[in-house]
Every structure is written in structure tokens, then in C-alpha cells.
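Below: one structure, written as C-alpha cells.
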Amino acid sequence: MVEPHASNATVASTAPLPRLDFIDALRGLVIALMVLDHTRDFVNRQAFLFDPLDLDKTSVALFLTRWVTHLCAPTFVLLSGVSIFLQVHRGKTGWPLSRFLLTRGLWLMFLEVTFVDLGFDFRPAVFLQVIYAIGLSMVLMSAVVHLPRRVVLGIGVALVAGHNLFDGVDAGTLGVWGLPWHLLMQPGPLPFGFIAYPVLPWFGIMCVGYGIGGIYLMEPSRRTRTLALLAIGMLLLFFVLRLPNVYGDPHPWTVPTDRSLTPLAVMSVAKYPPSLDYVLVTLGISTLLGLALGRAPAWLLKPFLAFGRTPMLSYLLHLYLAHTFAVIIAQFYGVPAAHFIGTLSDQSRLRADGWGLSLAGTYAVWLAVLVVLYPIASRYARYRATHKTWWLSYL
């Protein structure tokens with residue numbers, strides 16, 4: 001048994017680790033939620049008119065549809081850190097591990113500015129989002145993975161908990177240092193595009209995932225208990241910080257015009273970049289969801305396992321499927337297909353067209369995308385399980 005405080009050397013000497021299905025299932029669940037988020041971007045009428053989290057304009061259903069997808073990015077990044085730890089446990093250490101992290105990280109960054117951005121925009125674009133952030137975080141991990149795990153965990157906690165101290169720093173006031181600040185800490189325009197996911201806060205989450213990886217090697221009942229306590233602790237800390245607006249988010253909550261929406265105002269936390277409050281509430285909830293999936297029946301887990309075992313392929317394909325579905329459906333409303341090109345930077349044509357489905361229609365398209373995606377992911381997951389070619393670890 002590997003304890004959370006075990007050294008890297010100790011971890012690498014332990015016995016092979018059986019696959020932890022609940023990790024794959026949780027990853028698959030957040031992929032399904034991510035498909036919902038991007039489907040909403042392409043087909044939902046309100047998505048072209050206002051921010052779904054704007055309590056003066058949104059509905060509860062639309063708010064929750066958007067908010068639940070907040071679970072996706074931090075869970076992906078945290079589990080990426082856990083997966084790196086599990087590779088160390090399986091014996092991949094030293095230069096082979098660094099080389100893998102470096103090459104995979106660079107590959108993900110390449111995919112972001114090519115296949116991913118093309119899927120969003122249907123034309124070349126540079127819009128640096130979560131795949132870029134994961135990739136660059138892996139590049140950084142290729143260096144820090146040689147440090148003791150407690151040190152990596154400390155770096156992660158410091159970045160996640162401390163970056164909100166710099167919320168008042170504006171890249172526009174930093175002169176030549178403005179570009180590095182955008183890349184590291186503040187979303188905003190770049191000379192060559194736009195960055196939505198500056199790396200340091202996300203790298204902190206990956207370091208935390210690596211640092212707590214030993215929990216996932218515990219005996220199942222102890223692991224469940226430890227993860228449950230960790231999740232509850234994160235949620236309690238969220239409310240301790242958030243309710244009195246003590247610290248942890250650049251946007252203090254206020255009572256909205258409709259007082260019945262006050263709980264939603266409390267939960268409306270900053271994702272760009274991920275505030276401490278955002279990380280606490282999303283990872284607290286997703287950790288509990290992961291534990292629940294560990295007890296779910298096999299029939300329910302099948303699609304989540306398929307998506308979770310083919311995360312990169314599922315991510316890439318869903319963008320093209322959701323975007324193509326939007327174009328096809330829009331033809332019945334007289335919306336030109338050309339108006340779906342370049343929507344990352346300009347949605348004015350779609351607004352002028354009056355394009356968009358209701359929230360119910362959006363959920364129907366989401367399910368259709370998942371139905372098409374599932375057999376592809378399932379077949380590829382089976383292929384990966386029976387073939388050990390090196391390139392499979394990159395897709």
C-alpha cells in the first residue's frame with residue numbers, strides 16, 4: 001500500500017496498479033458535460049444574446065446548464081495530475097517520464113491551435129483554452145515531477161490559493177510585461193489571438209492532483225473515506241470564504257434583484273482564471289460525483305467509461321459533431337452555413353439571423369451528439385485496451 005506521503009522512489013517500486021474505473025468514469029462524465037457546454041455554444045439562442053450566468057437575464061435552468069459545466073476543466077486538469085502520479089507508481093520515472101510529459105504537452109498545445117480551434121471556428125484561429133492549458137502544464141510538470149511529491153503539492157496549493165492576491169494587477173499597465181502576464185495569469189487578447197486559460201492557476205491544479213495521487217492507491221474503503229473528507233472540506237472552506245466575501249474570488253457576490261436567486265449569486269464564481277472559490281466548489285462537487293460513480297451500476301457507467309478512456313479523441317470529435325449538427329439544423333431555419341464560420345470572434349451574423357434553439361432543443365442536440373460519439377469512443381477504447389502502440393498514448 002502506497003501512502004499519500006510516500007516518496008517517488010517508493011512509489012515507483014510498488015506493484016502494478018489495477019485500472020481505477022471510477023477515475024475513467026468521472027473523466028467521461030465531465031466530457032459529457034463539456035459536450036453540453038459546447039453544444040449550447042453552437043445551438044442555443046440565449047448563447048448568442050447574453051451570458052447565461054447573468055442573473056438579470058438568465059433563467060435558473062439556463063444558469064445551471066452553464067454552471068454545471070464548470071466542473072469540466074478543473075476535473076480534467078486535476079485528474080491529469082493524478083494520472084501523472086499513477087505513471088510514476090507504475091515505474092515511469094526520470095527522463096522517460098519527463099520526455100513523455102514534454103512531448104505530450106507540446107502535442108496538446110499543437111492540437112489546440114489546429115484541430116481544436118478549427119472545430120470551434122471552422123477556420124484557422126488561435127484561441128488558447130483548456131487543452132492548451134493542460135499541455136503547457138504538462139510541459140512544466142516535466143521539470144517539477146523530479147521534486148519530492150510534497151514539494152509539488154506545496155507548489156500547487158500556493159498557486160491555487162495565492163494567485164487571487166494578484167487580481168488587481170492588470171496586464172495593460174505592465175508595458176512589455178503585459179504579454180507574459182496574459183500568458184501566465186490574466187485572460188485577454190494576444191498579438192496572435194486570445195488566451196482564455198492562462199497557465200499558472202491551472203498548473204497549480206495539476207500539481208495538486210499529482211500531490212494527492214497517493215490517496216488513489218489506498219485500500220478502497222479508506223480511499224473513499226479520505227476523498228469524501230477532502231471533498232467536504234473543500235466545500236466547507238468554499239462557504240467559509242465565499243459567504244462573507246473574505247477572499248478567493250475577484251467578484252464578491254451581492255444579493256440580486258430577484259432575492260430568490262441569491263444561492264445562484266453565491267455560486268457564481270470566476271473561471272477565467274479559476275479563482276480559489278471556483279476550484280474549491282467545483283472540485284469538491286466533482287470528487288463526490290466520482291465517489292458516487294464508483295457505486296453506480298455497470299449499465300450506467302458504460303458510456304462514461306467509453307468517453308473517459310478516450311478523452312482526447314472524444315474531445316476532438318465532439319467539437320466537429322456539435323458544430324456540424326448546428327450547421328445542418330440551421331439550414332431548416334434559412335441560416336447560411338457561412339455564418340457559422342468565425343463565430344469565436346464574431347457572432348453578430350447569427351444574432352441577426354435570429355438563430356438558436358430553446359434550451360430543450362439544445363439538450364436534444366446534446367443527446368444526439370453523445371449518441372453518435374458513443375460507438376466511436378467505445379470501439380476505440382477497446383482498440384486501445386488490446387494494442388500498446390506508443391502513439392495511442394497521444395490520442
Can you confirm whether [X] sits close enough to [Y] that some side-chain heavy atom of one is under 4.5 Å from a side-chain heavy atom of the other?
X: Ser98; Y: His146; answer: yes
X: Leu357; Y: Tyr333; answer: yes
X: Arg66; Y: Asp37; answer: yes
X: Leu153; Y: Arg149; answer: no
X: Leu370; Y: Phe307; answer: yes
X: Met267; Y: Trp253; answer: no
X: Phe76; Y: Met206; answer: no
X: Leu190; Y: Leu183; answer: yes

Donor on one side chain, acceptor on other, [X] and [Y], under 3.5 Å:
X: Arg382; Y: Ser378; result: yes
X: Ser275; Y: Asp277; result: no
X: Ser80; Y: Arg104; result: no

[X] side chain vs [Y] backbone, donor-acceptor pair below 3.5 Å:
X: Gln331; Y: Val327; result: yes
X: His89; Y: Gly214; result: no
X: Trp181; Y: Leu174; result: no
X: Thr103; Y: Phe100; result: yes
X: Arg384; Y: Thr310; result: no
X: Ser268; Y: Leu264; result: no
X: Asp121; Y: Ile341; result: no
X: His38; Y: Leu319; result: no
X: Thr58; Y: Asp54; result: no
X: His339; Y: Ala352; result: no

Parallel, tilted or perpendicular: which fits the ring planes of [X] and [Y], with parallel below 30° and perpendicular above 60°?
X: Trp202; Y: Tyr278; result: perpendicular
X: Phe85; Y: Tyr210; result: perpendicular
X: His318; Y: Tyr315; result: perpendicular
X: Phe42; Y: Phe120; result: tilted
X: Trp366; Y: Tyr363; result: perpendicular

Considering residues, nucleotides and ligands other than [X], do more than 12 of their heavy atoms fall under 6.0 Å from its [atom1]?
X: Phe332; atom1: CZ; answer: no
X: Tyr272; atom1: OH; answer: yes
X: Tyr247; atom1: OH; answer: yes
X: Arg351; atom1: CZ; answer: yes
X: Phe115; atom1: CZ; answer: no

Which heavy atom in [X] sits nearest to a heavy atom in [Y], and how many Å separate them?
X: Asp21; Y: Leu305; value: O-CD2, 3.4 Å
X: Ser142; Y: Leu102; value: CB-N, 3.9 Å
X: Pro74; Y: Ile205; value: O-CG2, 3.8 Å
X: Thr282; Y: His70; value: CG2-O, 3.7 Å

